[in-house]
S.K.: 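Structure in structure tokens, see below.
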Amino acid sequence: INAEYMGHSECLFFFENSSQPTMSQPVRDGEERLIAIIGDEDTVTGFLLAGIGDVDSRKNSTNFLIVKKNTPLATIEQTFKQMTSRNDIAIVLISQHIAEDIRYLLNGYNKTIPTVLEIPSKDIPYDAAKDPVLRRVKQQLGEGP
């Protein structure tokens, strides 16, 4: 995915694959798209301070989930499913250690938008070998299984 800065704080996403929309066919339809995040408190707080937070009181929804030690797995699963089914979200960021808990959902997820990206967290080291995006890139380059 290439992101092209179009001014006025607007970022459009385009695909280079000919079967996907091209530069003349933006994926977006003029609607704003959000970045969502599922992560530990420090990670989510950092992104919220950077300005990605969105609360829709009419729909009683947010674009973030702070996962604590006592957060039920069902809550994480439900939030992931909701975020990946929303039309107003372009990217879902998820801390890698939390992604491991719902790996079966991530492995079954095959939509392009919203794109799901695993990110490191403050206290748990990032393992590039577990990142499905990096594995796919290596596979396409002939460097992996």
S.K.: Assigning hydrophobic clusters by single linkage (Ile, Leu, Val, Met, Phe, Trp, Tyr; side-chain heavy-atom cutoff under 4.5 Å), is Leu105 placed with Val116?
M.R.: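 Same cluster: Leu105 reaches Val116 through Ile, Leu, Val, Met, Phe, Trp or Tyr contacts under 4.5 Å.
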S.K.: Check for me, please, whether Val92 and Ile119 land in the same ILVMFWY cluster - side-chain distances under 4.5 Å, paths through other members count.
M.R.: no
S.K.: List the residues meeting side chain to side chain contact (heavy atoms under 4.5 Å, CB included) with Leu117, not counting sequence neighbours, and say none if there are none.
M.R.: Ile91, Leu93, Thr115, Val133
S.K.: Not counting sequence neighbours, which residues clear side-chain hydrogen bond (donor to acceptor under 3.5 Å, both in side chains) with Asp101? List them please.
M.R.: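 Checked Asp101 against side-chain hydrogen bond (donor to acceptor under 3.5 Å, both in side chains); zero matches.
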S.K.: Can you pull out every side-chain hydrogen bond (donor to acceptor under 3.5 Å, both in side chains) where at least one residue sits in residues 80-94? Sequence neighbours excluded, please.
M.R.: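 Of all non-adjacent pairs touching residues 80-94, those that pass side-chain hydrogen bond (donor to acceptor under 3.5 Å, both in side chains) are Arg86-Asp88.
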S.K.: Do the non-hydrogen side-chain atoms of Ile35 and Phe64 ever get within less than 4.5 Å of each other?
M.R.: no
S.K.: What side-chain hydrogen bond (donor to acceptor under 3.5 Å, both in side chains) pairs are there with at least one residue in residues 62-73, not counting sequence neighbours?
M.R.: none
S.K.: From Thr45 OG1 over to Leu49 CG, what is the distance, rounded to the nearest 0.5 angstrom?
M.R.: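 One finds 6.5 Å between OG1 of Thr45 and CG of Leu49.
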S.K.: For the atom pair CG (Leu34) and CG (Asp54), what is the distance rounded to the nearest 0.5 Å?
M.R.: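 Reported value, rounded in 0.5 Å steps: 4.5 Å.
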S.K.: Ala36 and Ile89: which non-hydrogen atoms are nearest, and at how many Å?
M.R.: CB-CD1, 3.8 Å
S.K.: Name all residues meeting the salt bridge (Lys or Arg N to Asp or Glu O under 4.0 Å) criterion together with Lys122; count only those two or more places apart in sequence or in a different chain, and write none if there are none.
M.R.: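 Counting only residues at least two positions away or on another chain, Lys122 forms a salt bridge (Lys or Arg N to Asp or Glu O under 4.0 Å) with Asp42.
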S.K.: Please enumerate all residues that pass side-chain hydrogen bond (donor to acceptor under 3.5 Å, both in side chains) together with Ser95, with sequence neighbours excluded.
M.R.: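 Per chain and number, Ser95 pairs via side-chain hydrogen bond (donor to acceptor under 3.5 Å, both in side chains) with no residue.
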S.K.: Report yes or no: do Ile94 and Ile52 belong to one cluster of Ile/Leu/Val/Met/Phe/Trp/Tyr joined by side chain heavy-atom distances under 4.5 Å?
M.R.: no
S.K.: Quick one, His97 and Asp123 - any side-chain contact, counting heavy atoms below 4.5 Å?
M.R.: no
S.K.: In chain order, what residues pass the side-chain hydrogen bond (donor to acceptor under 3.5 Å, both in side chains) check against Tyr126, with sequence neighbours excluded?
M.R.: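 Expected list: Asp131.
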S.K.: Give the minimum heavy-atom separation between Ser121 and Asp40, together with the two atoms involved.
M.R.: CB-OD2, 3.0 Å
S.K.: Please name all residues satisfying side-chain hydrogen bond (donor to acceptor under 3.5 Å, both in side chains) with Glu118, sequence neighbours left out, ordered by chain then number.
M.R.: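 Checked Glu118 against side-chain hydrogen bond (donor to acceptor under 3.5 Å, both in side chains); matches are Arg103.
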S.K.: Just list the side-chain donor-acceptor pairs under 3.5 Å for residues 73-80, sequence neighbours left out, or say none.
M.R.:
| unit_1 | atom_1 | unit_2 | atom_2 | d |
| --- | --- | --- | --- | --- |
| Glu77 | OE2 | Tyr104 | OH | 2.0 |
| Thr79 | OG1 | Thr75 | O | 2.8 |

S.K.: Could you check if a side-chain atom of Ile98 sits within less than 4.5 angstrom of a side-chain atom of Leu65, using non-hydrogen atoms only?
M.R.: no
S.K.: With sequence neighbours excluded, give me every ring pair (Phe, Tyr, Trp, His ring centres under 6.0 Å) pair touching residues 37-59.
M.R.: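 The answer is none; no pair qualifies.
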S.K.: Would you say Ile37 and Ile102 are hydrophobically clustered, going by side-chain heavy atoms of ILVMFWY under 4.5 Å?
M.R.: no
